Amino acid sequence: MASKKKNTKQNKIKKRTNNTEKEFFSLREVLIITILAIVFGWLMGSIVTSKTANLTDSQDFKKLRNVYNHIVNNYYKKVDRTKLIEASIDGMLEYLDDPNTIYMDEKETESFNQVMSGEYKGVGVSIVKYNDDIYIIDVFKNSPADKAGLKVGDIITEFNGKDIKGLEVDEVAKLTKNKKEVKIKIKRKQEQKEVNIKLEKVVMPSVSSEILEKNGKKVGLINISVFASNTSSQFKKELRDLEKKNIDSYIIDVRSNSGGYLSEATNILSEFMDSKNVIYQIKTNNKTTKYYSKGKITKKYKVVVLIDENSASASEVVAAALKESYNAEVVGKKSYGKGTVQQTSDLAGGGTIKYTVENWLTPKGDYIDKKGIEPTVEVDLNEEYFNYPTKDNDTQLQKALDVITKSN
């Protein structure tokens, strides 16, 4: 999950032909990582049909090929051809000076696709780094981690006998690679505990919900951790279950959500607004196109969206659309600010490149790249929450509850 966070053998780009669905990814080091596997926070990509440049007969390509041949045939040390090609790709992308234009090798592409499908083989937790410690911020129901007794708030201190204090999220992730079983030592308050966990297939629950009551009102809290290919279906199920319980209003929590598929964000927004409502705009060169909700009705529920500095891409699309088109309140901290759209293309021989092709705008036409979405009510997260996270000391959630249950 991206950490919060990052062969072609024939050097030709192979276009995707079976998927023109847009995705949203951001290149920041993701705070959340699922299954303790490397999942990248590129959230804000766009998979669309693209033009493929044919450089086979160009002088520039001949120059590149000549350099490659000279190095492979004449360099005084043995050269890894695959790594040389990858380095040339990295060089081209680095020239663009765009942090959201990246190259993923075969393993990275496989890991990314696995997570975005909503299924993977792993432990079944989400973690975040805070003050050099790795905290568990979510344990997936019926996952290996859940069965082993791991809990939200646990601090992972050792992984397979290795002290992980100070490691980045992606460095911890690598410790699960090619493992069938892992040994994890955790700290829970003053208690130390060590468990052996067998990695199994986990269906990633990207949406969870519960009912909170305040001031005599029932509020449905819906948390979205990522916009994977099965997120909107999970969201609809949770929403229907809450509606049956006569919910008065909703809090949609997309804090630390790096994004995902735009289609999933669109489906979720369509649950609240009819087709007259703009949910985002796409700008390409001098052309700007408005995209509308697919919903049939606009609901009357009062809605508050929770965001933070790590809410990016599709999360920002949802927050901006509900703020500007649905008149929802937005509580928390200014979001990450990811306003560009990337296109991904598979490479012959394996791997994928992702490069910027468009800008996206809010329904009212604001460009939020590197600026983020300003909350209507700004609230810092209490330091106490990181030491022992509860809903009571979650100051952002509590403010959202105050806002949504106050009398009009």
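Owing to the predicted nature of the structure, the values given are computational and were not obtained by experimental measurement.
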For residues 315-332, which side-chain donor-acceptor pairs fall under 3.5 Å, sequence neighbours excluded?
unit_1: Ser315; atom_1: OG; unit_2: Asn257; atom_2: O; d: 2.9
unit_1: Ser315; atom_1: OG; unit_2: Asn257; atom_2: OD1; d: 3.1
unit_1: Glu316; atom_1: OE1; unit_2: Ser313; atom_2: N; d: 2.8
unit_1: Glu316; atom_1: OE1; unit_2: Lys338; atom_2: N; d: 3.0
unit_1: Glu316; atom_1: OE2; unit_2: Ser335; atom_2: OG; d: 2.7
unit_1: Glu316; atom_1: OE2; unit_2: Gly337; atom_2: N; d: 2.6
unit_1: Lys323; atom_1: NZ; unit_2: Glu374; atom_2: O; d: 2.7
unit_1: Glu324; atom_1: OE1; unit_2: Thr362; atom_2: OG1; d: 3.0
unit_1: Glu324; atom_1: OE1; unit_2: Lys364; atom_2: N; d: 2.8
unit_1: Glu324; atom_1: OE2; unit_2: Thr362; atom_2: OG1; d: 3.1
unit_1: Ser325; atom_1: OG; unit_2: Val278; atom_2: O; d: 2.6
unit_1: Tyr326; atom_1: OH; unit_2: Lys299; atom_2: O; d: 3.0
unit_1: Tyr326; atom_1: OH; unit_2: Tyr301; atom_2: N; d: 3.2
unit_1: Tyr326; atom_1: OH; unit_2: Tyr301; atom_2: O; d: 2.6
unit_1: Glu329; atom_1: OE1; unit_2: Thr376; atom_2: OG1; d: 2.6

Report the residues that fulfil salt bridge (charged side-chain N to carboxylate O under 4.0 Å, His left out) with [X], sequence neighbours left out, ordered by chain and then residue number.
X: Lys198; result: none
X: Lys151; result: none
X: Glu378; result: Lys333

Taking [X] first and then [Y], would you say they form a salt bridge - that is, a charged N and a carboxylate O separated by under 4.0 Å?
X: Lys165; Y: Glu158; value: no
X: Lys201; Y: Glu119; value: yes
X: Lys237; Y: Asp241; value: yes

Any chance [atom1] of [X] has more than 12 other-residue heavy atoms, nucleotides or ligands included, within less than 6.0 Å?
X: Asp97; atom1: CG; value: no
X: Glu110; atom1: CD; value: no
X: Lys283; atom1: NZ; value: no

Side-chain atoms of residues 182-193: list all donor-acceptor pairs with protein atoms under 3.5 Å, sequence neighbours left out, distances to 0.1 Å.
unit_1: Arg188; atom_1: NE; unit_2: Asp154; atom_2: OD1; d: 2.7
unit_1: Arg188; atom_1: NH2; unit_2: Gly149; atom_2: O; d: 3.0
unit_1: Arg188; atom_1: NH2; unit_2: Asp154; atom_2: OD2; d: 2.8

Would you say that Leu242 contacts Ser209 through its side chain, given a criterion of any heavy-atom pair below 4.5 Å between the two side chains?
yes
Is Val172 close to Glu168 at the side-chain level, that is, under 4.5 Å between some pair of heavy atoms?
no
To the nearest 0.5 Å, tell me how far Thr289 OG1 sits from Ile282 CD1.
8.0 Å
Sequence neighbours excluded, the answer for ring-ring contact (aromatic ring centres under 6.0 Å, His included) partners of Phe386 is Tyr130
Can you tell me if Glu358 and Thr284 form a side-chain donor-acceptor pair at under 3.5 Å?
yes
